[in-house]
Amino acid sequence: MLHIYNSLTRQKEVFEPIQPRQVRMYVCGMTVYDYCHLGHARVMVVFDTVYRYLKTSGYAVEYVRNITDIDDKIIKRAAENGEPIDALTQRFIDAMHEDEDSLSVLRPDAEPRATDNIQEMLAMIQTLLDKGIAYQGKNGDVYYDVSQFEGYGKLSGRKLDDLRAGERVAVDEVKDDPLDFVLWKASKPGDPAWDAPWGAGRPGWHIECSAMSQKLLGDHFDIHGGGSDLQFPHHENEIAQSEGCTGHKHVNYWMHNGFIRVNDEKMSKSLNNFFTIREVLKDYKAAEVRFFILNSHYRSQLNYGTDQLDAARASLSRLYTAIRGLPESGPAAYTDYENRFIAAMDDDFNTPEAMAVLFELAGDINRIRKTQSDASAAALGALLQRLGNVLGLLQDDPESWFKGSANADGLSDDAIETLIQQRLDARTAKQWAESDRIRDELKAQGVLLEDGAGGTTWKRA
RNA sequence: GGCCGAAUAGCAUAGUGGUAAUGUACCGGAUUGCAAAUCCGAGUACCUCAGUUCGAUUCUGAGUUCGGCCUCCA
């Protein structure tokens, strides 16, 4: 039985969908004005894994992840680049999709864009105004009146008084209360604007998620996810907006992933200590990045470093080695491994625990291959691959995983095979010096040889 | 200042009221012409102090250290 840690209640709860065997899930996606960094990769991979596991568990899942394509940073960046906003956002949406594909992240069922849903936002803001929960400030902006929403603070565990006591809440004279947040920003000259009954402008950040989730998933849905830095104020405000409009519960389970750190500090754009996904993919395979992310629990903080990526590489190599060269096999028989894997995933998506099961399975496969035969291990190998696939791992053919593809300046597969044959001849003649010379030569080219019982295999380092 | 979370071997990550798991690194052995891979084995890892308990790394309290949110953030 699946348990999910609910940020709203701060405890693990049994997951019970609103509709039997169906899950509706919304995740806050990217603001598209730059390349995705590893922090974004974590959100993508974590919720992709949730999505995959829910489907594996037999749920029909409707997964929506929005794209914020209008906001201050986008406007600013487009101006800096001298580039139309549409062109900028489309460029980075395309880049985001490339990054996702490389990380084996499945496309959500819908990726609504804020600018395509302005009418829905206007309608929601109007409802809030009609209900007296929102008001227009002297500067023309429309604000949400947090004092009108009884549950304000329930997600982030804050009280209004505590928030007001915070030193960092700036005093703003156009708002009735410094905690009131903007629903609609009155237009400034030159900025993109949409007509509205209360004056041309553009939406505040929070309203898009309320409007688009309601449109695509309804007033009340199962899971809402995002980075833990969105818990406050973004998600808190989203609840206030949605529940203020509908008068009833918005989301049953809130999930927040921890962030990636660099040198024990949060990776973020403002600290300028971030690594983009494509930057990291120059040195590591995407599957290694995915492994690195899933090797820690999604709610913990995760420190980024080449040591961790190197360890991920070695670990994946062990798993692929276990299944390399195994004969085809039908579905693996019932095993305790699968039960333990499921139990781990059912426990709030405990991927590190689930991966430990994969390694025990790999050890078992290696033992069987050694003491019995490859054929005897084939079913377990198929199981290992299938369970790995649930996590979006072990999706490659082992042979191509190890051999990779030749660099422009590297040896071709044929050249490698030729040298291996030459070495085999030397070995047959017991010319060890020549044999070792060839092996060293290949090693210098990044090709590692392994002499197994069934012949010599090779891999690109 | 308010609110939250974390501390487990050299490193990284799980987990548990009673033999602490997984990867990686290191050491010994098997295997190998030598390696690599693989297998077997070893290694005195639960932040400190107090409390509850027959028993605490786990529960409670205090402390220390680190991190996060309170401002745009994944």
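A quick note: this is a predicted structure, and the numbers were derived from the prediction, not measured. Order of the sequence lines sets the chain letters (A, B, ...), proteins ahead of strands, with each chain counted from 1.
- Below the 3.5 angstrom threshold, one finds no donor paired with an acceptor across the side chain of Asp161(A) and the base of G2(B).
- Distance check on atom C1': A56(B) versus U8(B) gives 14 Å, rounded to whole Å.
- Within the nucleic acid shown, Phe259(A) comes within 4.0 Å of at least one base atom, counting heavy atoms only.
- The pair Asp161(A)-Arg164(A) meets the salt-bridge criterion, with a side-chain N (NZ, NE, NH1 or NH2) lying under 4.0 Å from an Asp/Glu carboxylate O.
- Rounded to a whole angstrom, the distance from the P atom of A25(B) to that of U32(B) is 23 Å.
- For Glu62(A), the side-chain hydrogen bond (donor to acceptor under 3.5 Å, both in side chains) criterion is met by no residue, not counting sequence neighbours.
- For Arg460(A) and Asp413(A), the salt-bridge test passes: some basic side-chain N is under 4.0 Å from an acidic carboxylate O.
- Listed by residue number, the members of residues 446-461 of chain A with any heavy atom below 4.0 angstrom from RNA chain B are Leu449(A), Glu450(A), Asp451(A).
- Residue-to-nucleotide proximity on RNA chain B shows that, of Lys73(A) and Gln308(A), the 5′-proximal contact is made by Gln308(A).
- Of the candidates C73(B), G33(B), U24(B), the closest approach to any side-chain atom of Asp436(A) belongs to G33(B).
- Within 3.5 Å, no donor on the side chain of Lys269(A) pairs with an acceptor on the base of C72(B), nor the reverse.
- The separation of C46(B) from U38(B), taken at their P atoms, amounts to 29 Å, rounded to a whole angstrom.
- Evaluation of atom-type donor-acceptor distances gives no pair under 3.5 Å for the side chain of His297(A) against the base of A14(B).
- You'll find a donor-acceptor pair under 3.5 Å spanning the side chain of Arg439(A) and the base of C34(B), going by distance alone.
- Residue pairs satisfying the side-chain hydrogen bond (donor to acceptor under 3.5 Å, both in side chains) criterion with at least one member in residues 88-97 of chain A, sequence neighbours excluded, are listed as follows: Glu83(A)-Arg91(A), Gln90(A)-Asp94(A), Gln90(A)-Arg113(A), His97(A)-Glu111(A).
- A distance of about 34 Å separates the P atoms of C47(B) and A74(B), rounded to the whole Å.
- Only Asn350(A), Pro352(A), Glu353(A), Ala356(A), Phe359(A), Glu360(A), Gly363(A), listed by number, bring a heavy atom of residues 349-365 of chain A to less than 4.0 angstrom from any atom of RNA chain B.
- G23(B) atom C1' lies 14 Å from atom CG of Leu394(A), rounded to whole Å.
- By the neighbour-count criterion of 12 heavy atoms within 6.0 Å, atom CG of Asn263(A) is sparsely surrounded, having that number or fewer from other residues, nucleotides or ligands.
- Residue contacts for Met44(A): at a heavy-atom cut-off of 4.0 Å it reaches no nucleic acid atom on any strand shown.
- Distance check on atom P: A37(B) versus C73(B) gives 47 Å, rounded to whole Å.
- Atom CZ in Arg340(A) sits roughly 14 Å away from atom P in G15(B) (whole-Å rounding).
- Going from atom CG of Leu419(A) over to atom CG of Leu411(A) covers 6.5 Å, rounded to the nearest 0.5 Å.
- Residue Trp432(A) places its side chain closer to G33(B) than to any other of G67(B), G33(B), C73(B).
- Note on Arg158(A): a base of the nucleic acid sits closer than 4.0 angstrom, heavy atoms only.
- Taking atom CG of residue Asp71(A) and atom P of nucleotide A74(B), one finds them 9 Å apart after rounding to whole Å.
- No contact: Asp307(A) has no heavy atom under 4.0 Å from any strand.
- Between Asp374(A) atom CG and A37(B) atom P there is a gap of 18 Å when expressed in whole angstrom units.
- Distance, Glu399(A) CD to A37(B) P: 17 Å, rounded to whole Å.
- To the nearest angstrom, C1' of A74(B) lies 14 Å from CG of Asp99(A).
- The side chain of Met267(A) lies closest to A74(B) when the candidates are A74(B), A30(B), C40(B).
- Atom CD of Glu150(A) has 12 or fewer heavy atoms from other residues, nucleotides or ligands within 6.0 Å.
- Defined by atom type and a distance below 3.5 Å, a donor-acceptor pair is present between the side-chain atoms of Asp348(A) and Tyr298(A).
- Counting to the nearest Å, the C1' atom of A21(B) and the CG atom of Asp347(A) are 15 Å from each other.
- Less than 4.0 Å separates RNA chain B from at least one heavy atom of each of the following residues of residues 319-326 of chain A: Thr321(A).
- You'll find a donor-acceptor pair under 3.5 Å spanning the side chain of Ser435(A) and the base of G33(B), going by distance alone.
- In this structure, the NZ atom of Lys76(A) is 11 Å from the C1' atom of C72(B), given to the nearest Å.
- Ring orientation note: the planes of His235(A) and Trp254(A) are tilted relative to one another, at an angle of 30° to 60°.
- Donor-acceptor pairing under 3.5 Å is lacking for the side chains of His250(A) and His224(A).
- Taking a pair as Watson-Crick or G-U with both hydrogen-bonding distances under 3.5 Å, the stems of three or more pairs touching RNA chain B are B:1-7 with B:64-70, B:10-12 with B:22-24, B:27-30 with B:38-41, B:47-51 with B:59-63.
- Under the 6.0 Å distance and 45° angle rule, Arg65(A) does not count as a cation-pi partner of Phe47(A).
- Each of G33(B), C39(B), G23(B) was ranked by its minimum atom distance to the side chain of Ser315(A); first place goes to G23(B).
- Using a 4.0 Å heavy-atom cutoff across all strands shown, Arg423(A) reaches at least one base atom of the nucleic acid.
- Using bins of under 30°, 30° to 60° and over 60° for the plane-to-plane angle, the ring pair Phe291(A)/Phe359(A) lands in the perpendicular bin.
- Distances from the side chain of Asp229(A) to the nucleotides C3(B), A30(B), C69(B) place C69(B) closest.
- Below 30°, between 30° and 60°, or above 60°: for Tyr144(A) and Phe181(A) the angle between ring planes is below 30°, a parallel geometry.
- Using a 4.0 Å heavy-atom criterion, one finds that Gly39(A) contacts the bases of the nucleic acid, with or without backbone contacts as well.
- For the pair Val64(A) and Arg24(A), the minimum side-chain heavy-atom distance is 4.5 Å or more.
- To the nearest 0.5 angstrom, Asn117(A) atom CG is 9.5 Å from Asn66(A) atom CG.
- U24(B) and A50(B) have their P atoms separated by 39 Å, with the value rounded to a whole Å.
- Look at the P atom in both A35(B) and G29(B): the space between them is 11 Å, to the nearest Å.
- The same atom, C1', is picked in A14(B) and in A45(B); the two are 14 Å apart, to the nearest Å.
- With 3.5 Å as the limit, one finds no donor-acceptor pair spanning the side chains of Asn81(A) and Tyr33(A).
- In this structure, Tyr152(A) and Phe232(A) have perpendicular ring planes: the angle between them is above 60°, well past the 30° mark.
- Across all strands, Arg318(A) comes closer than 4.0 Å only to sugar-phosphate atoms, never to a base (heavy-atom distances).
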